[in-house]
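Remarks on the structure that follows.
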Amino acid sequence: MNDYNCIASDVKLGQNVRLSKFVNLYGCEIGDETRIGAFVEIQKNASVGRCSKISSHTFICEGVVIEDNVFVGHGVMFINDSYPRATTESGTPQTEADWKVERTLVKAGASIGSGATILANVTIGENAIVGAGSVVTKDVPPHAIVAGNPAKILRFIASSGELKAPVAVPFLDLVAPHLELEHELVGAFRDSLHTAGFVGGAVVGEFEKAFAAACDTTHSIAVSSGTDALRFALMACGIQPGDVVVTVPHTFIATTEAISQAGATPEFVDIDEDTYNMSTEKLRQFLEEQCAREKSGQLISLRSGRPVTAVVPVHLYGQMADMDEILALAARYGLTVIEDACQAHGAEYFSKERNRWMKAGSMGRAAAFSFYPGKNLGACGEGGAVTTNDADVAAKVKMLRDHGQVKKYYHDVEGYNGRLDTIQCAILLAKLPHLAAWNTARRDWAAEYSRLLSGAEGIALPHEPAWSRAVYHLYVIRTSDREGLSEHLKIAHIGTGIHYPIPLHLQRAYAALNYQPGDFPVTERVAGEILSLPMFPQLTAQQQARVVEEVAAFLATVPQKRMEGEENALVSAERTA
Ligand SMILES: Cc1ncc(COP(=O)(O)O)c(C=O)c1O
């Protein structure tokens with residue numbers, strides 16, 4: 001105590017509290033052994049724990065609770081109202097009754113650097129460090145170091161005090177499944193090495209048989225990639241140079257590359273806002289309103305004047321498009337349906353037409369799969385397959401992948417070097433028995449994500465209609481501040497992806513197709529809002545909990561962001577009672 005201080009009689013001072021000069025305390029509680037610097041003000045209903053240090057010129061307002069062993073630097077400002085106003089709505093000066101005090105909690109062992117501002121309704125976790133000059137707008141996790149305006153997590157400190165990176169969550173873990181199967185995969189390579197069986201051979205046929213069985217088709221033909229699979233499928237189904245193939249603008253460019261490489265031109269219809277797959281209503285409108293039949297019965301696109309001969313629905317993110325509707329429309333207009341099942345190995349669709357669940361790749365005249373390493377069934381390199389129940393289509397794909405030959409050096413047509421090599425087939429054969437369990441794991445993680453995020457405001461979760469059993473190649477959410485959320489997750493060491501940020505009709509590669517912004521509004525809206533969260537079979541509950549926690553932490557900042565936009569929180573006046 002000294003003559004320069006103003007300490008109200010209602011202040012509860014602990015043992016051995018050391019006060020500097022010009023300290024102003026009223027209605028507050030200070031714990032044993034705590035030191036308070038010069039020009040500090042601590043208001044009523046605020047408390048500071050034991051063994052803490054509050055440096056000079058700091059302002060601790062009503063509603064602030066500081067626990068034990070906390071360091072607060074010089075000139076730290078606490079704020080206790082999210083929406084401070086000088087006057088009421090009717091214009092009269094605010095009184096104490098108008099002021100809504102919000103709580104701020106600084107947990108034990110935390111340190112707050114000089115000149116920091118701590119907004120209302122924030123918890124600073126145990127042992128966390130807030131960098132000097134930061135503006136803390138949301139909760140700081142325990143052991144985190146944050147800095148900046150708004151303060152963001154830089155890294156974490158271990159309880160021993162040394163710096164520790166947060167548990168990172170990769171977007172995709174490709175190492176774990178390969179280590180699990182290391183013995184079998186190395187064995188597959190060794191077999192090829194010992195026999196010099198690198199191209200063709202029994203293993204290729206064995207894999208094709210097994211993959212066809214897994215897809216409920218009579219044939220599967222292994223090829224060099226998903227892109228080639230789709231190109232060969234289109235060509236084998238008789239799509240001719242100059243034809244129009246209808247697909248969606250919300251897909252990977254390989255879909256339309258394959259169409260163009262088959263000599264056809266892609267034309268687009270928009271997607272369904274819930275499933276992100278081809279809108280059957282938009283397909284119907286396209287066929288009815290943007291096409292006309294020639295006398296021959298051939299359907300012609302009014303946009304390009306070319307014959308429309310095929311539809312390629314894409315089973316995006318591992319969920320099948322509404323195939324009954326698409327097949328019915330295609331039948332009505334004499335179109336061939338070729339499924340792009342590159343992201344949908346094992347996905348199922350309940351066909352009302354056939355009254356049973358049907359596998360991706362078994363419903364169109366042919367289908368294309370990709371075995372790119374990150375796919376639900378991935379090779380240790382590039383790969384793909386065509387599936388079909390049509391023996392003629394299968395024979396043509398076999399020819400096309402092998403330089404157009406029916407037997408060695410007898411070429412009926414010019415083909416391609418599009419075979420899948422023996423080692424990849426052996427690797428896929430070793431992995432295929434695990435596909436069902438991996439898909440189940442993906443479905444379980446997706447269900448858990450959806451359960452954990454179900455209450456979160458501001459995001460849309462994936463929608464799985466009753467007729468769908470999706471295999472969640474990707475778990476994609478939507479939010480209006482996609483860039484903010486992905487940046488937040490990146491800082492928290494959580495991997496995300498955007499599939500896909502620029503719709504195909506707006507890609508430079510397709511400028512010649514002459515589509516304009518606004519042509520496919522659902523695709524365009526979705527492309528600006530989607531974010532793919534970490535999804536792979538070996539995800540752990542701990543990793544998923546971190547992702548969900550960080551998504552929730554980001555969403556919790558949204559009201560504060562609104563406030564920052566409406567008024568400058570840094571100049572918001574504090575009530576000094
Ligand atoms: C929807 C879709 N179509 C086609 C492909 C092409 O497959 P690949 O990369 O094996 O050529 C992919 C692969 O990413 C895809 O996601």
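Quick note: numbers below take in every heavy atom, side chains included, and nothing from hydrogens, waters or symmetry partners. Just so you know, ligand 1 is whichever comes first in the structure, and atom 1 is the first atom listed for that ligand.
- A salt bridge between E348 and R356 is absent, with no side-chain N of the basic residue lying under 4.0 Å from a carboxylate O of the acidic one.
- Summarising the contacts of atom 9 (O) of ligand 1 with A229, G384, S370, the nearest heavy atom is found in S370.
- Among protein heavy atoms, the minimum distance from atom 3 (N) of ligand 1 is reached at D340 OD2, 2.7 Å.
- Between H250 and Y500, the ring planes are perpendicular. Angles over 60° get that label, and only those under 30° would be called parallel.
- The contact set between ligand 1 and G383, taken as ligand atoms under 4.0 Å from a residue heavy atom, comprises 10 (O).
- Taking only non-hydrogen atoms, the option from C342, A385, A341, G226 nearest to atom 4 (C) of ligand 1 is C342.
- The aromatic ring centres of Y475 and Y317 sit 6.0 Å or more apart.
- For the ring-ring contact (aromatic ring centres under 6.0 Å, His included) test, no residue two or more places apart in sequence or in another chain qualifies with H411.
- Contact annotation: for T251 versus ligand 1, heavy atoms closer than 4.0 Å belong to the side chain alone.
- Selection from A258, A254, A368, A344 by nearest heavy atom to atom 6 (C) of ligand 1 gives A254.
- At a threshold of 4.5 Å between non-hydrogen side-chain atoms, the residues K282 and D272 do not count as touching.
- Taking a 4.0 Å cut-off on heavy atoms, K375 registers as neighbouring ligand 1.
- For atom 11 (O) of ligand 1, the nearest protein heavy atom (residue, atom name, distance) is T227 OG1, 2.4 Å.
- The protein heavy atom nearest to atom 16 (O) of ligand 1 is Q343 NE2, 2.8 Å.
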All N/O donor-acceptor pairs, side-chain side in residues 451-459, below 3.5 Å, sequence neighbours left out:
unit_1, atom_1, unit_2, atom_2, d
R451, NE, E448, OE1, 3.1
R451, NH2, E448, OE2, 2.8
S454, OG, R451, O, 2.9

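- Two rings, from Y372 and F252, have their centers 6.0 Å or more apart.
- Close approach to V314 involves these atoms of ligand 1, each under 4.0 Å from a residue heavy atom: 1 (C).
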